[in-house]
Every structure is written in structure tokens, then in C-alpha cells.
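Structure record follows, encoded as C-alpha cells.
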There are 2 protein chains.
Amino acid sequence: MSAHTSRRQRLRQATLEEIHTAARKLLVEQGSAAVTINAVARQVGMSGPALYHYYASHDELVGAVTADFFRELAAAMEQARDGHADASLGERILAVCRAMRAWSTAHPAEFGWIFASPITPHNRRPDSVRHQAALRFEQVLLDLMVELWRTRPFPVPDLADLPASLREQLTAYSATLDGRLPPEAAHVFLSCWTRLYGLLCMEVLHQLDFAYTDMEPVYEQCLRDLAATLGLDSHAPA
Amino acid sequence: MSAHTSRRQRLRQATLEEIHTAARKLLVEQGSAAVTINAVARQVGMSGPALYHYYASHDELVGAVTADFFRELAAAMEQARDGHADASLGERILAVCRAMRAWSTAHPAEFGWIFASPITPHNRRPDSVRHQAALRFEQVLLDLMVELWRTRPFPVPDLADLPASLREQLTAYSATLDGRLPPEAAHVFLSCWTRLYGLLCMEVLHQLDFAYTDMEPVYEQCLRDLAATLGLDSHAPA
DNA sequence: CTAGATTTCTTAGAGGCACTAAGGAAACAT
DNA sequence: ATGTTTCCTTAGTGCCTCTAAGAAATCTAG
């Protein structure tokens with residue numbers, strides 16, 4: 001309860017950081033299969049079972065490290081956003097999207113871990129650290145899109161043109177956003193998100209290797225398409 | 001060399017099938033982690049090490065089963081194509097895309113296994129069964145797009161409008177297709193492929209659960225977009 | 001038809017994994 | 001100073017992949 005952090009708490013915190021560092025090192029150098037409780041413990045200089053005083057299970061360790069990666073990714077995107085605070089909203093959105101890919105290509109192992117590792121039941125719980133960090137990540141672009149919608153609404157399809165079941169889902173999702181985006185704007189946001197995120201996902205999972213050796217211009221082309229969709233390319237600053 | 005299959009060969013073939021069936025059963029009922037050499041062997045009724053007479057390693061077994069799934073998926077798509085032989089090419093393309101998702105939603109465990117399981121070095125080799133089966137899968141839609149391009153060319157961007165590095169990659173890829181699609185048409189094909197496949201990938205990896213509970217109308221909406229891109233929605237049959 | 005080679009399977013075992021149990025030692029709180 | 005909490009140890013269970021050595025069944029060739 002006290003603001004004072006005891007010696008024990010400080011030591012524990014330091015050990016936790018050491019554990020995360022060791023796990024990440026193993027992931028980057030030897031792949032996700034090498035991130036075992038035993039190997040991590042060896043790396044930090046304690047014997048296997050000792051690690052259970054920090055995480056109750058292998059799943060929990062994985063979730064904690066994954067949350068770290070999400071937070072780092074989100075922070076990179078937030079930094080890009082804040083670093084272009086004086087630029088137009090459109091440029092800020094593009095900068096954030098580029099930061100998203102930049103982090104992923106600079107940290108392919110971590111990025112692959114985030115997406116390709118199956119989400120265990122424990123980490124699917126909405127109150128898990130992993131889930132919370134994933135939300136923060138998703139939030140960055142969502143917030144910008146909300147602001148864009150407020151200040152300079154982008155073109156949206158007519159709700160009546162969408163099939164009923166899609167309309168219902170969009171309405172429900174819009175409600176979870178406290179109506180900050182109406183359903184048809186949520187549809188546009190989700191379309192953009194899907195294309196960006198899907199493209200990154202496929203790059204990481206090497207599903208496009210048969211055609212592309214360098215995905216950077218492919219991603220840039222995708223960004224140009226999205227900018228057009230959102231009306232960002234007209235020269236008036238948003 | 002003889003066309004005659006010996007008794008031993010027949011027995012071996014039957015055992016191989018039994019192994020694949022057992023592995024798939026374990027995957028579907030207990031998840032990918034349950035597909036171990038030992039568990040599969042138990043299921044088939046032999047002891048662990050015996051399975052090494054059929055596959056040299058766990059990786060190889062995984063690759064063989066994955067190839068099965070790819071082949072089944074490709075077959076489902078080919079069947080949709082051939083089952084609509086009298087329909088317009090546009091309808092055939094849409095039928096194939098729907099078959100692709102239909103198989104995936106009917107077999108979520110298998111589909112997830114295909115994409116989310118990391119491709120081990122052994123299975124990355126171009127001569128691996130996995131790779132071969134993956135090629136056949138990709139080929140189905142590519143062939144239809146080639147035919148579409150031949151009979152009713154779809155709109156393409158001007159190559160000069162694409163960045164140089166993208167142009168080079170598209171040219172190289174076009175060459176691997178023996179020029180059946182020029183670079184700018186290959187770009188359109190790859191864009192469509194990326195959006196379809198990326199959407200499925202995200203559905204399988206549950207990356208859109210925060211917004212959608214039923215992806216079917218989302219996929220249909222994506223198909224409508226692609227149809228428009230390819231000029232399939234004009235009523236003249238392609 | 002029989003003797004050797006091949007294939008298929010067994011058990012035994014090495015080394016690693018996640019995780020539990022039981023206990024010692026240090027740090028802390030009272 | 002005493003009792004509690006925390007941290008870490010070793011020992012052990014049962015799983016895993018994969019190797020080794022050998023038995024039994026099957027095929028092949030003289």
C-alpha cells in the first residue's frame with residue numbers, strides 16, 4: 001500500500017526484467033521453441049523450478065513476454081504519432097502505419113511470436129496482460145481514425161448497401177466504441193485495419209515469398225490505396 | 001520399377017494412411033500440441049520408435065500431414081471450379097474463393113495448422129511435399145486469373161506509376177509465370193490474393209474477434225470489392 | 001525349399017521438457 | 001528474538017524426441 005518500494009520488491013522487479021530479457025534473447029537467437037522454462041532459468045542463472053515463483057506456468061511467461069512486445073510496438077507507433085504532432089492528421093496516420101511495419105521488420109522474431117504463436121486459453125482472457133497490451137496496440141490507429149472522422153469525415157458506404165448481418169455486427173462494434181465511430185465509419189476503419197494488418201501478417205508468415213523479396217514497396221502501395229480510400233491525398237491538410 | 005505393388009508396399013501405404021488419420025484426429029480433437037510422435041504411434045497401435053520407419057522426424061510427419069491439408073484444400077477449390085464449368089469465368093472465380101473459405105471454416109484446426117504452424121527448415125525446401133502441395137493450392141486461383149486475363153483483361157495500373165523496386169519484383173515474378181501475366185496484371189493478381197488470403201489468415205488467427213463474430217459477410221464484402229476491381233460485376237459473361 | 005537379406009517392430013535408454021513436492025536459508029515483520 | 005514470508009534448491013513424475021540393439025516376420029535368390 002505504501003508508495004515506498006521495498007528492497008524485496010525492487011529485487012523481484014529486477015529479476016523479472018532479467019527473465020524477460022533472457023526469454024527474448026532465446027527467442028531471437030534460437031526461435032520460439034527455445035523459450036522454455038528451463039532454458040530461461042538457466043540463462044538467468046537459477047534452476048528451473050525457481051522460475052515458478054515468478055510465473056505460474058509456461059503460458060503465463062509467454063503471455064508476459066508477448067505483452068512486452070505489444071507494448072513496445074504500441075510505443076513505437078505512439079512515438080511516431082507524437083513525433084509528427086505538427087504534421088497533418090493524414091501524415092500522422094501514415095507515419096504510424098510505417099512505424100508499425102518498421103518495428104515489425106526490425107524485430108521479426110518478436111513480431112512473428114505475437115501473431116503466429118497460438119493464443120492459449122489463459123492469454124485469451126480479457127484481463128490478461130497480453131490482451132490489455134494488444135488493446136493498447138489496436139487503440140493507436142483507432143484513436144487517429146476517430147480524430148480523422150471528427151475533423152474531416154472520410155467517405156463511407158451507405159449502410160443500406162451492406163448485408164444485414166454485417167450491419168448488425170458493425171452496429172455492435174460501434175457501440176463498444178461509445179459511438180465515436182458510426183457503424184459505416186467503423187466498417188471503413190476495419191477494412192483499412194484488415195488490409196494493413198493482414199499484409200504484415202502474411203509478410204511475417206512468409207506467405208508471399210513466392211512473389212516478393214522486399215515487401216516495403218508493397219506496403220507503401222497499400223498505404224497509398226488506403227490514403228485514397230480515406231481521402232488523405234487531397235492536398236488540404238486534415 | 002514394376003507396376004505391381006507388392007504386399008509390403010500395400011501394407012506400408014495403408015499404415016501411412018492410418019498414421020495421417022491418427023495425426024489429424026489428434027489435431028482436431030486436442031490441438032496441434034497433441035500431435036506428437038508418441039501419441040500418434042499410440043493411436044495407431046504401435047510403440048513410439050516404430051513410427052520412425054515411416055517418418056524420419058517429427059518435422060517430416062508434420063510436413064506430410066500439412067501437405068495433405070493443402071491438397072484437400074486445393075481439391076476443394078478445383079472441385080468448385082470444375083463444378084461450375086458452364087458458368088461464367090467470373091462466377092467460377094468467386095466459387096473458387098468461396099470454396100477456399102468454406103473448407104477453412106469447415107476445418108478450422110487444419111487451416112490453422114497450415115498457416116500458423118511455423119515452417120521448419122526441412123519443410124521450407126522447395127522439393128518438400130509441403131511446398132509442392134502449397135504450390136498446387138496457389139495455382140488454382142492463379143490459373144483462373146491467367147484465363148481471365150487472356151479472355152477478358154481486367155483493368156491494370158500503369159507500370160510507370162509503380163515504384164521502381166516494386167516494378168522489378170513484379171517483372172521477376174511475371175517471368176516465373178512464363179509471361180502468362182505481364183507485371184502489371186501480376187500486381188493485380190497479387191493484390192487480390194493478398195486481400196483474400198490475408199483476411200482468411202486473420203480470421204483463423206482470431207485477430208478480428210474484437211470486432212466481428214461472423215466473418216462470412218465480411219468475406220463476401222471483400223469478394224464484391226475484388227469483383228469490382230476485376231470488372232466481374234458487369235453483366236456480360238466473361 | 002531353404003538361407004540370407006530386408007523390413008518392421010519391440011524394449012531400453014539418453015537427454016530435455018513442464019511441473020510438483022519438500023525442505024533449507026535468507027530477509028522481513030512484529 | 002521469533003515466527004512468517006520469500007526465494008531457491010534438489011528429487012521426482014510423466015511426458016516428449018530420437019538412437020541403439022535385437023527379435024520376428026517377410027521377401028528374395030540360389
Side-chain angles (χ1 to χ4, degrees), chain A residues 1-20 22-23 25-27 29-66 113 117-118 120-123, chain B residues 1-20 22-23 25-27 29-66 113 117-118 120-123:
Chain A
M1 264 293 110
S2 70
H4 161 259
T5 59
S6 73
R7 171 180 154 74
R8 264 207 181 139
Q9 283 172 320
R10 268 178 290 122
L11 279 180
R12 186 180 181 83
Q13 204 53 45
T15 308
L16 280 171
E17 273 171 37
E18 209 179 337
I19 288 171
H20 288 210
K25 182 181 162 75
L26 285 166
L27 168 67
E29 293 180 358
Q30 297 173 240
S32 64
V35 185
T36 67
I37 293 275
N38 284 334
V40 170
R42 258 196 308 277
Q43 191 84 25
V44 301
M46 56 172 88
S47 263
L51 221 140
Y52 285 88
H53 282 271
Y54 298 93
Y55 291 106
S57 68
H58 183 249
D59 276 5
E60 211 172 275
L61 170 62
V62 167
V65 175
T66 309
W113 171 284
S117 72
T120 59
H122 169 267
N123 286 310
Chain B
M1 266 292 112
S2 71
H4 161 258
T5 60
S6 74
R7 169 180 155 75
R8 263 204 183 143
Q9 284 172 318
R10 267 178 291 122
L11 279 180
R12 187 180 181 84
Q13 203 53 46
T15 307
L16 280 171
E17 274 171 34
E18 210 179 335
I19 288 171
H20 287 210
K25 181 181 162 75
L26 284 166
L27 168 66
E29 294 180 358
Q30 297 173 240
S32 64
V35 186
T36 67
I37 294 272
N38 283 335
V40 170
R42 256 196 309 275
Q43 191 87 25
V44 182
M46 56 171 89
S47 263
L51 222 140
Y52 285 87
H53 282 270
Y54 297 92
Y55 292 106
S57 69
H58 183 249
D59 276 5
E60 209 173 276
L61 169 61
V62 167
V65 175
T66 309
W113 171 283
S117 72
T120 60
H122 169 266
N123 287 310

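Labels below follow one simple rule: chain letters A, B, ... track the order of the sequence lines, proteins then strands, and each chain is numbered from 1.
Of the two residues contacting DNA chain C, namely A/A56 and A/R42, the nearest-nucleotide position lying further toward the 5' end is that of A/R42.
If you measure from atom CD of A/Q9 to atom P of D/dC7, you get 10 Å, rounded to the nearest angstrom. When rounded to the nearest whole Å, the span between OH of B/Y54 and P of D/dC18 equals 18 Å. Summarising the geometry, the separation between CZ on A/R10 and C1' on C/dC28 is reported as 14 Å, rounded to the nearest angstrom. As rounded to whole Å, 14 Å separates atom C1' of D/dT9 from atom CG of A/L51. Following rounding to the nearest Å, B/Y52 (OH) and D/dA20 (P) show an atom-to-atom distance of 13 Å. For the pair A/E60 CD and C/dA18 P, the computed distance is 14 Å after rounding to whole Å. When rounded to the nearest whole Å, the span between CD of A/Q13 and P of D/dC7 equals 12 Å. With rounding to whole Å, A/M46 atom CE is found 12 Å from D/dT6 atom C1'.
Listed pair A/N38 / C/dA18 meets the phosphate criterion, a side-chain N or O lying under 4.0 Å from OP1 or OP2. Checking the phosphate oxygens (OP1, OP2) of C/dT7, no side-chain nitrogen or oxygen of B/R12 falls inside 4.0 Å. Proximity of A/T36 to the phosphate of C/dC17: a side-chain N or O atom is located under 4.0 Å from OP1 or OP2. Residue B/T15 has no polar side-chain atom (N or O) positioned under 4.0 Å from OP1 or OP2 of C/dT8.
The closest side-chain heavy-atom distance from A/V62 to A/V35 is not below 4.5 Å. Side-chain contact between A/T66 and A/N123 is absent, with no heavy atoms from C-beta onward closer than 4.5 Å. Within the 4.5 Å cutoff, the side chain of A/L16 has heavy atoms near those of the A/Q13 side chain.
Side-chain atoms of B/H53 come within donor-acceptor range of the base of C/dC9, with a qualifying N/O pair under 3.5 Å.
Of all heavy-atom pairs between A/A22 and A/V44, the closest is CB-CG1, 3.7 Å.
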- Item | Stepwise side-chain contact (heavy atoms from CB on, under 4.5 Å) check, B/Y55 with B/I37 | CA-CA 9 Å; B/Y55 292 106; B/I37 294 272; 5.7 Å; no
